[in-house]
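Values reported hereafter were calculated over all heavy atoms of this structure, with side chains retained and with hydrogens, waters and symmetry mates removed. From a predicted model like this one, the values you see are computed outputs, not experimental measurements.
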2 protein chains.
Amino acid sequence: MELSAKSEYALLAMLQLALGHGKGEPMQIKEIAQCQSIPDRYLEQLLADLRRHGLVKSQRGARGGYLLAREPFAIHLLEIVQCIEGQDENETAPNTLEASIVREAWDESRRAAEQVLKGHTLQKLCELHDRRQSTVMYYI
Amino acid sequence: MELSAKSEYALLAMLQLALGHGKGEPMQIKEIAQCQSIPDRYLEQLLADLRRHGLVKSQRGARGGYLLAREPFAIHLLEIVQCIEGQDENETAPNTLEASIVREAWDESRRAAEQVLKGHTLQKLCELHDRRQSTVMYYI
DNA sequence: TTAATCCCCACTAACTTGGTGGAGATTTAG
DNA sequence: CTAAATCTCCACCAAGTTAGTGGGGATTAA
């Protein structure tokens, strides 16, 4: 039930890309890594995963970097986590009546969690981010 | 987000104890393990954990075994999972605005899952079990 | 042509998972 | 009192996961 560093890094990187989205320029691994205090060599692998799953696209060479593959309102948190965490589908069937009952309860709980993540898009997070930031500015 | 064997074993053992609850007799590790196809030496450790957290009580010696420490309606699935999975509280504080936003979204999702587990008591599972079993009987 | 950048593959240390093994303490039955 | 059944505790282990690090190669802009 805990958020792994891996997933948190991926979510942060995607949020960072979403915040920079609209400028059209790609964002580099190093830049993202520095902003969010993520080891860059590790983030590299996560971004490669995200690219293979079609959530971001990359541009190689000088002034290259990463861009969101879709608009921020069309990317929700569940797909980010699922793509990075690997959705292992090969679970063995329950072999007792009790096991199937326990599994059902667990599945219901998991679905509830997934629905919440599905409800959060990168755009929503960006809007929340902007509101927070302007509030902070107000106090300064 | 996946149910570990460890947690599933604990949930199954607790459900088994709940099904046998009322007879007043303790149930042995071996018996539970056989019914649910759990390695008995491993289950032993899980039951010890559950006992230390006050969810079950044990009786040593011949004809000893385990009993629920509370009535089945007063034990919900969340506490079983939390006690077995170990609720590690020492998470580092988010150091960026983005990190706190991501954490909040994740926490909301986790709370949704926990609420579902909290809503399921052992008694509810037992009732569901009895309904299923009588339905099966009907077909035979 | 060169510097910046992504791409890919391999390696690792520490930790977790899912167990197994063995000796000891306690209780009931006979 | 003794023996068998049962829980208790501590240690050990193999395989997998996590969170990285390292080194070189391919591609592109200036």
So what does A/Leu47 touch, heavy atoms closer than 4.0 Å: a base, only the sugar-phosphate, or nothing? nothing

Nearest-angstrom distance from the residue atom [atom1] of [X] to [atom2] of [N]:
{"X": "B/Leu50", "N": "D/dT8", "atom1": "CG", "atom2": "P", "answer": "12 Å"}
{"X": "A/Ile29", "N": "D/dT27", "atom1": "CD1", "atom2": "P", "answer": "17 Å"}
{"X": "B/Leu43", "N": "D/dT6", "atom1": "CG", "atom2": "C1'", "answer": "14 Å"}
{"X": "B/Leu46", "N": "C/dT20", "atom1": "CG", "atom2": "C1'", "answer": "14 Å"}

Hey, is A/Glu127 close enough to A/Lys124 for a salt bridge, meaning N to O under 4.0 Å? no

Note, A/His53 side chain near A/Glu79 side chain (heavy atom, < 4.5 Å): no

Polar atom pairs between nucleotides 28-30 of chain D and protein, under 3.5 Å, N or O only, would you list them?
| from | atom 1 | to | atom 2 | distance (Å) |
| --- | --- | --- | --- | --- |
| D/dT28 | O2 | A/Ala62 | N | 3.1 |

Please table the atom pairs, donor to acceptor, closer than 3.5 Å between any side-chain atom in residues 10-29 of chain B and protein atoms at least two apart or in another chain.
| from | atom 1 | to | atom 2 | distance (Å) |
| --- | --- | --- | --- | --- |
| B/Gln16 | OE1 | B/Gln36 | NE2 | 2.6 |
| B/Gln28 | NE2 | B/Gly64 | O | 2.8 |

For B/Arg110 and B/Glu114, run salt bridge (Lys or Arg N to Asp or Glu O under 4.0 Å): C-alpha distance rounded to whole Å, both residues' side-chain angles, the deciding distance at 0.1 Å, then the answer. CA-CA 6 Å; B/Arg110 186 175 43 71; B/Glu114 289 178 352; 3.2 Å; yes

Encode nucleotides 15-23 of chain D as B, S and - characters from 5' to 3', where the letter depends on protein heavy atoms closer than 4.0 Å: B to the base, S only to sugar-phosphate, - to neither. ----BBBBB

Please check if atom CZ in A/Arg51 has more than 12 non-hydrogen atoms from other residues, nucleotides or ligands closer than 6.0 Å. yes

Distance, nearest 0.5 Å, that separates [atom1] of [X] from [atom2] of [Y]:
{"X": "B/Leu97", "Y": "A/Cys35", "atom1": "CG", "atom2": "SG", "value": "12.0 Å"}
{"X": "A/Leu46", "Y": "A/Ser7", "atom1": "CG", "atom2": "OG", "value": "9.0 Å"}
{"X": "A/Leu50", "Y": "A/Cys83", "atom1": "CG", "atom2": "SG", "value": "4.5 Å"}

Strictly below 4.0 Å: does A/Arg52 bring a side-chain N or O up to OP1 or OP2 of C/dC6? no

Looking at B/Ser58, I'd like to know whether one of its side-chain N or O atoms comes within less than 4.0 Å of OP1 or OP2 on D/dT8. yes

